[in-house]
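Atoms considered below: every heavy atom in the structure, side chains included; atoms not considered: hydrogens, waters and symmetry mates.
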Amino acid sequence: MKEHRDCRRVPVQQDIMFANRLIHPNCYFGAATVNISKGGICLSSRYQVVEGDSLFLCVIGDELQSDCLISELTCMVDVKWCQKIGTEKEPLYHVGLEYSDDRIPKAFLSDNTLLTVEK
């Protein structure tokens with residue numbers, strides 16, 4: 001099966017946390033980005049999510065110590081797919097996300113990585 005991608009992916013390692021805004025809005029889970037694009041994000045997490053869920057995503061790490069506004073560190077995303085890549089004893093998932101509001105957190109743009117990515 002051939003993959004269909006609208007945007008080129010850029011490998012980016014960024015610690016993030018996410019919450020399901022409908023089911024557990026105050027319960028955040030840890031994750032890390034695998035890659036990002038102008039269309040979405042692939043993340044790696046120990047927590048399984050369901051295709052179609054809407055998640056609130058927040059970049060964490062060094063950016064929390066900077067003078068960034070919270071709006072520059074957050075975005076809403078929709079789960080497009082969730083693939084188990086770990087074992088039963090060590091669950092791990094790759095999760096494909098699409099920006100809900102077409103707004104990429106500025107923290108992902110800090111090194112100008114995505115500014116040069118072409119569709």
Exercise. How would you list, by chain and number, every residue that makes a side chain to side chain contact (heavy atoms under 4.5 Å, CB included) with Val34, sequence neighbours excluded?
Worked result: Cys42, Ser44, His94
Exercise. What's the spacing between Leu57 CG and Leu73 CG if we round to 0.5 Å?
Worked result: 10.5 Å
Exercise. For Ile16 and Val59, which heavy atoms make the closest approach, and how far apart are they?
Worked result: CG2-CA, 4.0 Å
Problem set entry | Within-4.5 Å side-chain heavy-atom neighbours: Ile41 and Tyr99 | yes
Problem set entry | Phe18 side chain reached by Val95 side chain, heavy atoms, under 4.5 Å | no
Exercise. Which one of Asp78, Thr33, Ile36, Leu55 satisfies the side chain to side chain contact (heavy atoms under 4.5 Å, CB included) criterion with Leu97?
Worked result: Leu55
Problem set entry | Atom pair CD1/CG of Ile85 and Leu92 - distance to nearest 0.5 Å | 4.0 Å
Problem set entry | From CG (Asn35) to CD (Gln13), nearest 0.5 Å | 9.5 Å
Exercise. Just wondering, do Ser54 and Met76 contact through their side chains at under 4.5 Å, heavy atoms?
Worked result: yes
Exercise. With under 30° as parallel and over 60° as perpendicular, where do the rings of Phe29 and Tyr47 fit, or are they tilted in between?
Worked result: tilted
Problem set entry | Partner set under side chain to side chain donor-acceptor pair (under 3.5 Å) for Lys80, not counting sequence neighbours | none
Exercise. How long is the span from the CE atom in Met17 to the CG atom in Leu43, to the nearest 0.5 Å?
Worked result: 13.5 Å
Exercise. What pair of heavy atoms forms the shortest contact from Ser45 to Ala31, and how long is it?
Worked result: CB-CB, 3.8 Å
